[in-house]
**Q** 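This is the structure I have questions about; it appears just below.
Throughout, numbering of the chain's residues begins at 1 and tracks the sequence. None of these values were measured; they are calculated from a predicted model.
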Amino acid sequence: MPRGEVVSSIVDVGTEQRIEIPVRPGTPPPFTGPPSGQDPFPWSPDPRTGPPVSNARLGMLVFLAFEGMFFAGLIGTFLVFRLGSQFWPPVGQPRLPILVTWANTAILLFSSYTMRDALRAMRMGDRGGLTTGLSWTALLGTTFLIVQGSEWLRLIRHGLTLSAGIYGATFYTVIGCHGLHVLGAVIWLLIARIGLRDKRFWARRQVGVELCGMYWYFVVALWPVLFALVYLS
């Protein structure tokens with residue numbers, strides 16, 4: 001080896017052998033690549049970084065968009081009959097219970113607060129707080145359905161049925177569809193509540209609870225719109 005030369009070594013990837021290369025003084029050493037396990041292109045995106053919105057949340061948003069269009073169609077149908085009628089409600093038909101429904105609306109709106117507490121407890125890792133929040137939300141949703149069902153029975157006894165005319169048909173269709181959605185959300189809450197007993201699936205349950213919260217917020221936010229159009233108009 002000539003005097004004054006510096007020996008630099010690299011590893012042949014194919015043979016995994018160290019190869020020594022003489023380097024003259026003043027010349028930069030050959031590029032040997034980054035250390036093992038590092039990205040050779042640090043400006044490239046991290047493959048471990050997921051999308052900003054998960055597939056589960058995106059699917060729920062698409063589902064809620066379809067649900068919104070479904071109820072928009074029901075509301076449009078109701079408005080066509082409502083604006084096309086000279087008297088609403090028609091003569092001889094019982095009026096809807098306003099005061100009781102105001103109280104029932106407050107119950108459903110308060111359930112969004114308990115749902116928020118449940119989701120906040122989940123993010124903090126407080127399983128006890130999550131269980132309590134889901135239980136209260138399910139209880140308030142069940143109370144809403146019981147009160148609404150008792151009022152329906154009273155209206156039916158006073159002659160407001162599906163076959164009583166457009167007034168009854170549109171009322172039970174619009175409000176009944178929302179009630180079915182609340183019932184489905186309550187069942188989902190109870191399933192999530194029961195599933196929290198299994199500690200092994202705690203991480204998997206969190207996604208389901210978050211999606212349930214999105215669905216619950218939807219049915220709660222939809223109710224004031226229906227209440228104002230059907231009960232107060």
Side-chain angles (χ1 to χ4, degrees), residues 50-79 100-149 151-152 171 173-196 201-233:
V53 180
S54 66
N55 293 333
R57 296 182 184 90
L58 182 60
M60 176 56 69
L61 290 175
V62 173
F63 174 73
L64 294 180
F66 280 112
E67 289 288 312
M69 290 187 290
F70 171 74
F71 277 98
L74 292 180
I75 292 174
T77 303
F78 172 82
L79 290 177
V100 175
T101 309
W102 268 115
N104 210 24
T105 300
I107 292 174
L108 189 62
L109 292 178
F110 185 72
S111 69
S112 63
Y113 176 79
T114 59
M115 190 71 209
R116 188 197 66 174
D117 285 348
L119 295 177
R120 182 172 56 184
M122 181 187 69
R123 297 187 185 98
M124 296 176 60
D126 182 8
R127 194 168 66 171
L130 173 59
T131 302
T132 302
L134 293 179
S135 300
W136 274 107
T137 306
L139 178 61
L140 292 172
T142 303
T143 303
F144 173 83
L145 292 175
I146 292 175
V147 174
Q148 194 173 68
E151 290 301 315
W152 282 17
F171 169 76
T173 300
V174 176
I175 303 302
C177 285
H178 179 265
L180 289 177
H181 282 70
V182 175
L183 177 61
V186 169
I187 294 174
W188 193 351
L189 286 169
L190 294 176
I191 293 175
R193 167 67 177 79
I194 296 173
L196 292 177
F201 299 100
W202 164 246
R204 298 181 182 179
R205 300 292 182 186
Q206 293 186 21
V207 178
V209 171
E210 186 173 353
L211 297 181
C212 181
M214 295 172 61
Y215 187 69
W216 187 260
Y217 286 144
F218 172 79
V219 297
V220 172
L222 179 63
W223 174 250
V225 178
L226 301 180
F227 174 61
L229 288 175
V230 177
Y231 286 82
L232 303 180
S233 62

**Q** Can you sort out the partners of Phe71 under ring pair (Phe, Tyr, Trp, His ring centres under 6.0 Å), two or more places apart, ordered by chain and number?
**A** His181
**Q** Can you name the side chain to side chain contact (heavy atoms under 4.5 Å, CB included) partners of Thr142, sequence neighbours left out?
**A** Ile146, Val186
**Q** Apply side chain to side chain contact (heavy atoms under 4.5 Å, CB included) to Val230 and list each qualifying residue two or more places apart in sequence or on a separate chain.
**A** Phe78, Leu96, Phe171, Val174, Ile175
**Q** Taking only residues two or more places apart in sequence, or in another chain, which ones meet Ser135 in a side-chain hydrogen bond (donor to acceptor under 3.5 Å, both in side chains)?
**A** Arg193
**Q** For residues 105-134, pull every pair meeting ring pair (Phe, Tyr, Trp, His ring centres under 6.0 Å), keeping only residues two or more places apart or in separate chains.
**A** Phe110-Tyr113
**Q** Compare every heavy atom of Val220 with every heavy atom of Ser112, then report the nearest pair and how far apart it is.
**A** CB-CG1, 4.1 Å
**Q** For Glu151, give me all partners under salt bridge (charged side-chain N to carboxylate O under 4.0 Å, His left out), at least two apart in sequence or on another chain.
**A** Arg154
**Q** Evaluate side chain to side chain contact (heavy atoms under 4.5 Å, CB included) for Leu140 paired with Leu108, printing each intermediate quantity in order.
**A** CA-CA 6 Å; Leu140 292 172; Leu108 189 62; over 6 Å; no
**Q** Please give me the minimum heavy-atom distance between Gly213 and Leu119, naming the atom from each residue.
**A** CA-CD1, 4.3 Å
**Q** For Thr132, what residues pass the side chain to side chain contact (heavy atoms under 4.5 Å, CB included) criterion, not counting sequence neighbours?
**A** Trp136
**Q** Please identify each residue that fulfils side-chain hydrogen bond (donor to acceptor under 3.5 Å, both in side chains) with Thr114, with sequence neighbours left out.
**A** Thr137
**Q** According to the side chain to side chain donor-acceptor pair (under 3.5 Å) rule, which pairs have a member within residues 212-221, sequence neighbours left out?
**A** Ser111-Trp216
**Q** Do the side chain of Asn104 and the main chain of Val147 share a donor and acceptor less than 3.5 angstrom apart?
**A** no
**Q** Ala121 and Gly129: which non-hydrogen atoms are nearest, and at how many Å?
**A** CB-C, 3.6 Å
**Q** Residues in side-chain hydrogen bond (donor to acceptor under 3.5 Å, both in side chains) with Arg120, at least two apart?
**A** Asp117
**Q** With sequence neighbours excluded, what pairs up with His178 under the side-chain hydrogen bond (donor to acceptor under 3.5 Å, both in side chains) test?
**A** none
**Q** Evaluate the ring-ring contact (aromatic ring centres under 6.0 Å, His included) criterion for residues Tyr231 and Trp102: first the C-alpha distance (whole Å), next the side-chain angles of each, then the deciding distance (0.1 Å), finally the verdict.
**A** CA-CA 10 Å; Tyr231 286 82; Trp102 268 115; 9.9 Å; no
